[in-house]
There are 2 protein chains.
Amino acid sequence: MSRMIKEALETIRDLEEIGVVTKQTLRDFEVQAVPAPTYTADAIRHLREQLHVSQAVFAAYLNASVSTVQKWENGEKKPSGAALRLLSVIERKGLEVLVA
Amino acid sequence: MSRMIKEALETIRDLEEIGVVTKQTLRDFEVQAVPAPTYTADAIRHLREQLHVSQAVFAAYLNASVSTVQKWENGEKKPSGAALRLLSVIERKGLEVLVA
DNA sequence: CCGTATTATAGCACTAAGTGCAATAGACGA
DNA sequence: TCGTCTATTGCACTTAGTGCTATAATACGG
């Protein structure tokens, strides 16, 4: 089994030499396949309205301030990387996974 | 059923007058029952090591930079509210929920 | 019909999170 | 021994995150 992993790593390193992939560990390879989430201001608002929650409640779930959610939805500030990831989790799994 | 909800809201409003709770809608009440996650620098590091991933891979999952993860673990910076929530999700659900 | 609570917006000012880059160093395998 | 991965440290910069206040529209109960 560890032989298979080593061979897989070699394959990835070969691909890296050609320039197909940039990172090298197997785990990196997995992660790289996952696109970074992006959300426009409207997308965030639609996501929240789809969940039927107010800005205040949404903020509580996110563990963020109301002010922050407002600025996201009005395009004044953009969510940080981790916040974007959290939004993508909510979109796919719902609000329950955050608290349960 | 909607009578029960109304009564629950009345109860919450009563409690609010006394100062036990500050918010008022039923949804707010639910969310308020969920404690805000807190993580020390060591706790974050232990969480990551428990998952057997490097800082780089962990950062990729979080959709954050390596520099950010390092500063969390070295106590130079603290994760934002949304980042804390994301960490709690990872701790309870694993890394897979972030990407699958 | 009036008062109250909820919801969301807008503006302001401040703190601190997030990022990038470069240099350094230990571990490990080819 | 060379190259790579790993992590640390320090620096400088950008901007996300937060709090507060005032304002306005809506909805609901007395």
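Please read these numbers as outputs of a predicted model, since none were measured by experiment.
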Asks: In whole angstroms, how far is the C1' atom of dA16(C) from the CG atom of Leu84(B)?
Replies: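 Roughly 14 Å, once rounded to whole Å.
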Asks: Who passes side chain to side chain donor-acceptor pair (under 3.5 Å) against Lys71(A), sequence neighbours left out?
Replies: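 Lys71(A) satisfies side chain to side chain donor-acceptor pair (under 3.5 Å) with Ser67(A) only.
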Asks: How does each nucleotide of nucleotides 16-22 of chain D score, in 5' to 3' order, for protein heavy atoms under 4.0 Å: base (B), sugar-phosphate only (S), or none (-)?
Replies: BBBB---
Asks: Hey, could you give me each pair passing salt bridge (charged side-chain N to carboxylate O under 4.0 Å, His left out) that has a residue in residues 46-59 of chain B? Not counting sequence neighbours.
Replies: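 Found Arg48(B)-Glu73(B).
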Asks: How long is the line joining CD of Gln55(B) and C1' of dT19(C), in whole Å?
Replies: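 Taking atom C1' of dT19(C) as the reference, CD of Gln55(B) is at 15 Å.
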Asks: Thr68(B): which residues meet the side chain to side chain donor-acceptor pair (under 3.5 Å) condition with it, sequence neighbours left out?
Replies: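 Listed in chain order: Ser65(B).
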Asks: For Asn74(A), what residues pass the side chain to side chain donor-acceptor pair (under 3.5 Å) criterion, not counting sequence neighbours?
Replies: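 Result, side chain to side chain donor-acceptor pair (under 3.5 Å) vs Asn74(A): none returned.
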Asks: Separation of Ile44(B) atom CD1 from dA17(C) atom P, in whole Å?
Replies: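 After rounding, the reported distance stands at 11 Å.
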Asks: Can you sort out the partners of Glu76(B) under side chain to side chain donor-acceptor pair (under 3.5 Å), two or more places apart, ordered by chain and number?
Replies: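 Counting only residues at least two positions away or on another chain, Glu76(B) forms no side chain to side chain donor-acceptor pair (under 3.5 Å).
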Asks: What is the distance, rounded to the nearest whole Å, between atom CG of Asn74(A) and atom P of dG11(C)?
Replies: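 Those two atoms, CG and P, are 10 Å apart.
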Asks: Check the phosphate of dA7(D) against Arg48(B), side-chain N and O only, distance under 4.0 Å to OP1 or OP2. Yes or no?
Replies: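 Looking at the OP1 and OP2 atoms of dA7(D), one of them is under 4.0 Å from a side-chain N or O of Arg48(B).
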Asks: Could you pull out the closest heavy-atom pair between Leu87(B) and Leu47(B), with the gap in Å?
Replies: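 Heavy-atom minimum between the residues: O-CD2, 3.9 Å.
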